[in-house]
There are 2 protein chains.
Amino acid sequence: MTTVLLVDDHPVVRSGLRAVIDAGDALRVIGEAATGEEAITLAGALRPDVVLCDLRLGSGIDGIRTTAALRALEPAPAVLILTTFDRDAEVLGAIEAGAAGYLLKDVDPEVIVEGIRRAAGGDMVLAPDLAARVLKGMRSPLPRLTEREIEVLRHLARGSTNREIARTLFVTEATVKSHLAHIFTKLDVDSRSRAIHVAQETGLI
Amino acid sequence: MTTVLLVDDHPVVRSGLRAVIDAGDALRVIGEAATGEEAITLAGALRPDVVLCDLRLGSGIDGIRTTAALRALEPAPAVLILTTFDRDAEVLGAIEAGAAGYLLKDVDPEVIVEGIRRAAGGDMVLAPDLAARVLKGMRSPLPRLTEREIEVLRHLARGSTNREIARTLFVTEATVKSHLAHIFTKLDVDSRSRAIHVAQETGLI
DNA sequence: TTCGGCATCAGCCTTTTGGTTGATCCTTGC
DNA sequence: GCAAGGATCAACCAAAAGGCTGATGCCGAA
């Protein structure tokens with residue numbers, strides 16, 4: 001019997017997953033968590049074979065950080081990411097954090113069950129096109145942004161001006177412009193609006 | 001016995017809702033639809049008392065249009081909107097389309113069951129702060145944008161420059177700037193980035 | 001028909017952004 | 001220790017964006 005811990009901030013989704021998973025004989029849900037913190041605690045106590053974890057967990061730590069923390073446990077559960085969109089940045093981030101793969105939320109129940117069984121068996125569970133990229137060692141077409149750049153990007157997406165960003169980050173406008181120039185180059189755009197768009201499209205923020 | 005039709009493009013969410021709703025004695029799920037079109041067909045055939053409908057339905061018509069079509073049926077089911085965010089524009093749009101209210105997906109199962117029961121009884125089901133605005137006859141605090149302005153806003157959100165927007169809409173940059181000035185005034189912002197942010201926050205686009 | 005809202009455009013001016021180049025200081029890895 | 005990458009800053013220039021005022025044509029409601 002493969003044991004499963006569910007992590008999703010929506011009770012309804014948890015109920016649905018539980019119904020789907022417990023329907024068969026091979027899998028059993030042994031716990032539910034609404035937040036990443038809770039998931040880590042519960043996983044330590046319950047020692048599930050597989051953790052099925054939503055990428056977005058409302059407030060608190062996100063699915064990627066949760067994955068990293070879960071994989072640091074001993075024994076480490078297989079972590080399967082549940083997501084609505086197969087956005088490059090986040091999914092690949094989760095895989096880099098040690099996830100065994102991801103499932104799209106809009107697939108049929110059987111696919112979810114099958115995915116969990118494969119993850120428990122040590123397989124990678126990925127959509128074909130993404131699997132190809134991962135196996136070829138390519139990260140997403142988007143270069144990595146540094147932490148600071150992501151931070152600036154977030155402020156950008158809130159509509160902040162360079163001056164505002166500079167003030168909040170306690171740096172000069174020159175520094176902000178420098179970060180932005182790097183961000184633009186990496187994202188291959190030439191305006192803040194388009195940077196915001198690309199960042200949102202790719203799940204960078 | 002109150003009958004319920006579920007409309008959500010995610011099978012897992014439907015399973016969860018079914019489990020939650022069928023758990024009690026008062027409600028019974030009599031059908032599930034993955035799209036708005038399917039929902040309208042099924043509602044006509046099954047005549048549910050309440051339709052629980054996700055606001056976002058992937059491809060095809062959205063929750064608002066679905067609501068409008070459902071309310072045009074005879075007899076019309078009570079339509080309860082399911083959503084992740086209580087974004088003004090969309091939720092109010094759904095209510096204008098005849099929805100009996102909305103439920104946030106992250107509430108507890110009991111709240112959902114209670115909401116369905118109240119909707120079946122003809123009540124409005126709204127979060128307190130929004131209820132206040134609706135009852136006071138106020139639409140959202142945001143002024144209405146014209147169609148053209150929304151159109152410009154959409155291009156804006158894709159990161160287009162004024163020149164690009166002008167070209168695609170076959171007008172001059174002066175016109176685009178004029179529309180933008182109106183948009184900025186109405187949204188109470190002073191930059192395109194912030195306009196994008198506000199528009200996304202409020203579900204305007 | 002007159003008025004208001006909407007879409008269209010123009011000119012002028014200031015501010016903000018973006019491009020470029022180059023520099024310093026730190027940390028980390030080899 | 002040195003190279004590489006990252007964060008920080010500066011100065012200069014060109015382009016884009018934004019603020020303001022005002023004008024025209026169209027349409028529908030009062």
Exercise. Test B/L156 against every option in B/L180, B/T161, B/V176, B/I183 by the side-chain contact (heavy atoms from CB on, under 4.5 Å) rule and name the one that passes.
Key: B/L180

Quiz item: Checking side chain to side chain donor-acceptor pair (under 3.5 Å) against A/E151, which of A/R154, A/R148, A/H155 comes through?
Solution: A/R148

Quiz item: Does OP1 or OP2 of C/dA7 have a side-chain N or O of B/T146 closer than 4.0 Å?
Solution: yes

Quiz item: What's the CD-P distance between B/E147 and C/dG5, to the nearest Å?
Solution: 18 Å

Exercise. State which residues pass side chain to side chain donor-acceptor pair (under 3.5 Å) with B/R118; sequence neighbours excluded, sorted by chain then number.
Key: none

Exercise. Mind checking side chain to side chain donor-acceptor pair (under 3.5 Å) for A/R117 and listing every partner two or more places apart, or none if nothing turns up?
Key: A/E114

Practice problem: For B/I165 and C/dA7, give me the distance from atom CD1 to atom P, rounded to whole Å. | Solution: 15 Å

Quiz item: Nucleotide by nucleotide, 5' to 3', does protein get under 4.0 Å of the base (B), only the sugar-phosphate (S), or neither (-) in nucleotides 8-30 of chain C, counting heavy atoms?
Solution: BBB-----SSBB-----------

Quiz item: Does the side chain of A/L169 reach to within under 4.5 Å of the side chain of A/T175, using non-hydrogen atoms?
Solution: no

